[in-house]
Amino acid sequence: MSGLNEFASLPRSTRRINVIEGDFHVSGRDGDVLCTILGSCVAVCLYDVVARIGGMNHFLLAEPTSGDRQDPLVLERFGAFAMEQLINEMQKMGARRETTRAHIYGGGMLRAGMERIGAGNRAFARNFLERDRIAISHEDVGGNYARRVEFRAASGQARCRIIPMTEITPARPAKPNVPTLGDVELF
Amino acid sequence: MSPISILTVDDSPSMRALLRHTLAGEGHIVAEAEDGIAALEWLSGNDAPDLVITDINMPRMDGFGLIEAVRAQPCFRDLPMLVLSTESSDEKKSRARSAGATGWIVKPFDPAKLAAAVRRVTH
């Protein structure tokens, strides 16, 4: 499966940056390719068409073994955090919501009974972007397969390919890397 | 705890909705603004809230600018202002404290800690 935009051949100055689960990366540098591999996880790629700045995050908002015990608002807070980190970093570099477009990738079902997890991740991404008025220009989500996504941050070009499930590690409970979760400091 | 009025300032509608859900669930009265400029406009046209909770990274006027602008008005000198941010660096916290912030809460927030902080700074 190919994404919205086909890659041209990669120049020698290409720098590949892996965006692992719970992480994000932002760049405006020509040649920076943000890469990730997705199963049930979702990656949101944002691109400001005017500022020519792009970024990718990679998150999983459901724990495969948690059943229905997980508070959806807890997941919502972690998801919002993953999105806000990405948006804030892009805004610091000059991006604006009004000129930013989004791609959503992943949220697949790799094993029977796990559809709820992938569906939850992609529903969160869609809902967040709609509420935050960021236009979704492309989606490649769902299905019972894994994906490899490559996103050129400075041009917004993306490529999404189906890959063998053996190339991904099993989904695990994950939350974004937050060193001081919910820490409160009164001055 | 008796209800208090809180102005939340965040450029993300999703984050404002989460905050509204949490704070209204505690029985508080919640007003919203999308950035520092909108918050100042709200403050100039309404009764002073009991508390302001503001994000830092916002377009037009960020949280630091908002805190400085509010503190420049004598009538808001004692208004509690909590920062709620994805950032947690000492440099940013120090800047917020110098501007006149009352405290700093790191996102993603813990509702129980947020409620406790609201109680402490408003009573």
Side-chain angles (χ1 to χ4, degrees), chain A residues 22-24 26 44 46 48 50-51 55 57 59 61 71-100 102 123-134 174-187, chain B residues 10-22 25 34-35 51 53 55-60 62-63 67 80-90 92-123:
Chain A
D23 204 357
F24 73 101
V26 171
V44 173
L46 298 181
D48 186 315
V50 175
N57 64 14
F59 58 84
L61 298 181
D71 177 358
L73 282 176
V74 172
L75 304 179
E76 189 91 2
R77 282 196 295 277
F78 278 102
F81 174 79
M83 291 303 304
E84 195 173 353
Q85 276 190 314
L86 175 60
I87 293 167
N88 281 349
E89 209 56 38
M90 288 181 61
Q91 286 180 333
K92 286 179 192 172
M93 294 175 68
R96 298 169 58 234
R97 281 173 201 267
E98 296 78 9
T99 49
T100 294
F124 166 81
R126 266 191 212 119
N127 291 338
F128 182 96
L129 291 165
E130 286 170 4
R131 272 196 308 260
D132 274 42
R133 299 186 295 275
I134 294 174
K175 289 168 181 161
N177 297 319
V178 274
T180 49
L181 171 65
D183 199 23
V184 175
E185 183 177 342
L186 298 182
F187 301 142
Chain B
D10 200 304
D11 59 325
S12 166
S14 298
M15 186 54 68
R16 292 202 304 271
L18 274 171
L19 268 175
R20 183 173 62 241
H21 184 276
T22 302
E34 64 185 16
D35 58 32
L51 169 66
I53 299 177
D55 188 18
I56 285 295
N57 297 297
M58 296 180 288
R60 298 207 300 170
D62 66 14
I67 295 166
M81 299 189 76
L82 292 173
V83 171
L84 180 61
S85 173
T86 56
E87 307 209 29
S88 57
S89 72
D90 289 341
K92 292 280 172 67
K93 288 181 183 175
S94 175
R95 190 176 162 197
R97 185 178 358 208
S98 298
T102 311
W104 188 288
I105 302 171
V106 179
K107 292 176 184 172
F109 65 87
D110 178 332
K113 290 182 181 176
L114 177 66
V118 168
R119 278 194 297 273
R120 281 194 61 187
V121 301
T122 57
H123 285 78

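Neither the backbone nor the side chain of B:Val83 comes within less than 4.5 Å of any heavy atom of chain A. For B:Leu82, the part lying near chain A is the side chain, with the backbone staying farther off; criterion is any non-hydrogen pair under 4.5 Å. Proximity to chain A (any heavy atom under 4.5 Å) is restricted, for B:Arg120, to the side chain, taken from C-beta onward. In this structure, the portions of A:Glu185 lying under 4.5 Å from any heavy atom of chain B include both its backbone and its side chain. Of the two parts of B:Thr86, the backbone and the side chain both hold a non-hydrogen atom closer than 4.5 Å to a non-hydrogen atom of chain A. In this structure, the portion of A:Arg97 lying under 4.5 Å from any heavy atom of chain B is its side chain and not its backbone. Of the two parts of B:Ala116, neither the backbone nor the side chain holds a non-hydrogen atom closer than 4.5 Å to a non-hydrogen atom of chain A.
A distance of 8.0 Å separates CG in A:Leu129 from OG in B:Ser14, rounded to the nearest 0.5 Å. Separating the CD atom in B:Glu87 from the NZ atom in A:Lys92 is a distance of 3.5 Å, to the nearest 0.5 Å.
Chain A forms more heavy-atom pairs under 4.5 Å with one residue of B:Asp62, B:Leu18, B:Leu114 than with any other, namely B:Leu18. Put simply, of A:Ile87, A:Asp132, A:Ile134, the one with the most heavy-atom pairs under 4.5 Å next to chain B is A:Asp132. Of the listed residues (B:Pro111, B:Ala117, B:Ser12, B:Pro59), the greatest number of heavy-atom pairs within a distance under 4.5 Å of chain A belongs to B:Ser12.
Between B:Lys113 and A:Asp183, no side-chain nitrogen of the basic residue sits less than 4.0 Å from a carboxylate oxygen of the acidic one, so the salt-bridge criterion is not met.
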>> Under the criterion side-chain contact (heavy atoms from CB on, under 4.5 Å), I'd like the reasoning laid out for A:Val184 against B:Asp110: C-alpha separation, chi angles, the key distance, then a yes or no.
In response: CA-CA 9 Å; A:Val184 175; B:Asp110 178 332; over 6 Å; no
>> Run the side-chain contact (heavy atoms from CB on, under 4.5 Å) test on B:Asn57 and A:Glu84 for me, step by step, so that the C-alpha distance in whole Å, both residues' side-chain angles and the decisive distance to 0.1 Å come before the verdict.
In response: CA-CA 10 Å; B:Asn57 297 297; A:Glu84 195 173 353; over 6 Å; no
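Closest heavy-atom contact between A:Phe81 and B:Lys107: CE1-O, 3.0 Å. Closest approach of B:Lys93 to A:Phe187, counting heavy atoms only: O-CZ, 3.7 Å.
Checked against side-chain contact (heavy atoms from CB on, under 4.5 Å), A:Arg133 has the following partners two or more places apart in sequence or in another chain: B:Pro13, B:Glu34.
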